[in-house]
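The basis for the numbers below is simple: all heavy atoms, side chains too, and nothing from hydrogens, waters or symmetry mates.
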Number of protein chains: 2
Amino acid sequence: MSFNKFLLETLRARGWRVTAARRAVVEALARAGCAADVQTVYRLAKRAYPRLGLVTVYRTLDLLAREGWVQRWEEGGAARYELDQPHHHHLVCLACGAVQRWDRCPVSVREGATLGGFVVTGHRLELVGYCRTCREVVR
Amino acid sequence: MSFNKFLLETLRARGWRVTAARRAVVEALARAGCAADVQTVYRLAKRAYPRLGLVTVYRTLDLLAREGWVQRWEEGGAARYELDQPHHHHLVCLACGAVQRWDRCPVSVREGATLGGFVVTGHRLELVGYCRTCREVVR
DNA sequence: CCTGAAAGTGAAAATGAGTTTCAATAAGTT
DNA sequence: AACTTATTGAAACTCATTTTCACTTTCAGG
Ligand SMILES: [Mn+2]
Ligand SMILES: [Mn+2]
Ligand SMILES: [Zn+2]
Ligand SMILES: [Zn+2]
């Protein structure tokens with residue numbers, strides 16, 4: 001819970017207001033884990049703050065992404081969000097769509113590298129394939 | 001043009017019908033280059049086959065992705081497609097959104113590798129950062 | 001070269017994620 | 001406590017993608 005407080009206080013220090021809605025979204029995000037979609041965050045956050053509106057979840061996730069607290073990407077026709085804590089990547093199953101966290105990084109391009117005029121500040125990698133469960137089904 | 005013919009004949013050999021609409025979409029895709037959205041493919045394909053419907057473009061791109069001829073991903077609220085010819089990746093500018101092709105691969109995970117039960121068949125990598133133009137604007 | 005069964009197509013309607021608007025509410029400052 | 005202004009939620013809206021369905025085309029077989 002200390003990390004959440006730090007996040008919220010940093011937001012406040014940067015001039016944003018700390019509201020009940022934002023508190024609830026941040027907490028939901030922390031519980032949600034990898035590749036949470038907006039509905040999942042909404043459902044979790046609403047438990048702590050029932051009058052929360054879906055629009056505010058969109059706005060807050062957007063704010064957190066712009067402020068660099070969460071990673072955002074799109075998959076399966078909807079945006080995914082997660083706290084970008086220790087750098088990691090994902091294994092995406094082509095059969096069932098399951099997303100699994102993978103805590104290593106096999107990318108040899110460093111942050112700050114320049115590739116013909118383009119300065120790299122980060123990267124996003126997905127390894128696609130088949131998860132253990134789906135392989136067993138095929139057998 | 002020979003590659004397109006090969007693609008279409010392979011489709012036929014697998015039981016799919018080769019139609020004017022599919023021909024037009026395949027040709028458009030070849031001209032479109034990197035990270036083409038559906039509208040772009042539609043516009044190009046319609047030049048060669050004016051009565052083409054947008055729905056058919058969606059269906060054909062989907063077919064080609066399932067059959068392994070094109071890479072598909074989502075970005076900016078819309079799907080992107082491209083012929084997955086020689087393996088490559090993309091540089092995505094955070095400021096202007098431009099997508100630049102990068103013909104190297106800095107990912108050290110081989111196709112066929114197994115990561116704790118998960119079999120890797122491929123990967124998708126985006127290097128994010130700032131393109132030359134946007135860096136110059138900031139100065 | 002015909003023909004018919006089945007795949008494919010396009011227009012229009014439906015769906016659903018995400019955004020915009022705006023009046024009401026709450027945060028933080030004095 | 002009063003005040004200024006950011007934030008919020010509901011509802012309307014936008015726009016990519018999907019679904020439906022009657023009509024058309026492909027191509028295997030004759
Ligand atoms: Mn994750
Ligand atoms: Mn490309
Ligand atoms: Zn990495
Ligand atoms: Zn690669």
- Query: Just checking, is any N or O donor in the side chain of A:E126 or B:W73 under 3.5 Å from an acceptor N or O on the other one?
  - Reply: no

- Take the protein atom CH2 of A:W16 and the nucleotide atom C1' of D:dT8, then report the distance between them rounded to whole Å. 15 Å

- Message: Looking only at side-chain N and O atoms, does B:E111 offer a donor or acceptor that is under 3.5 Å from a partner on B:H87?
- Response: no

- Check the surroundings of atom CZ in B:R104: do more than 12 heavy atoms from other residues, nucleotides or ligands lie under 6.0 Å from it? no

- Message: Between B:R12 and B:A79, which residue's closest nucleotide on DNA chain D lies nearer the 5′ terminus?
- Response: B:A79

- Walking along DNA chain C from 5' to 3', note the first and the last nucleotide with an atom under 4.0 Å from a heavy atom of chain B, and give both. C:dA6 to C:dA12

- A:R59 side-chain N/O to D:dT7 phosphate OP1/OP2 under 4.0 Å: no

- For B:Y42, which contact category applies under a 4.0 Å heavy-atom criterion: base, sugar-phosphate, or nothing? nothing

- Note on the structure: note: B:D62, atom CG; D:dT17, atom P; distance rounded to Å ~ 11 Å

- Message: Taking any heavy-atom pair under 4.0 Å as a contact, classify B:L52: base, sugar-phosphate, or nothing.
- Response: sugar-phosphate

- Task: Could you point out which residue of A:E75, A:E82, A:R80 forms a side chain to side chain contact (heavy atoms under 4.5 Å, CB included) with A:H90?
- Result: A:E82

- Interatomic distance where CG belongs to A:L54 and C1' belongs to D:dA12 [whole Å]: 15 Å

- Side chain of A:R22, backbone of A:R17: donor and acceptor closer than 3.5 Å? yes

- Message: Please verify the inter-ring angle class for A:W69 with A:F6; under 30° counts as parallel, over 60° as perpendicular, anything in between as tilted.
- Response: perpendicular

- Rounded distance in Å - CZ (A:R17) to P (D:dT4): 13 Å

- side chain to side chain contact (heavy atoms under 4.5 Å, CB included) with A:L7: which of A:V26, A:L29, A:V18, A:V70? A:V26

- Between B:L11 (CG) and D:dT26 (C1'), how many Å, whole number? 14 Å

- Rounded distance (Å) that lies between atom C1' of D:dA16 and atom CZ of B:R72: 11 Å

- Of all the choices, D:dT7, D:dT24, D:dA16, which nucleotide is nearest to the side chain of A:T19 once you look at every atom? D:dT7

- Task: Please determine, for the side chain of B:Y58, which listed nucleotide (D:dG9, D:dT18, D:dT26) has the closest atom?
- Result: D:dT18

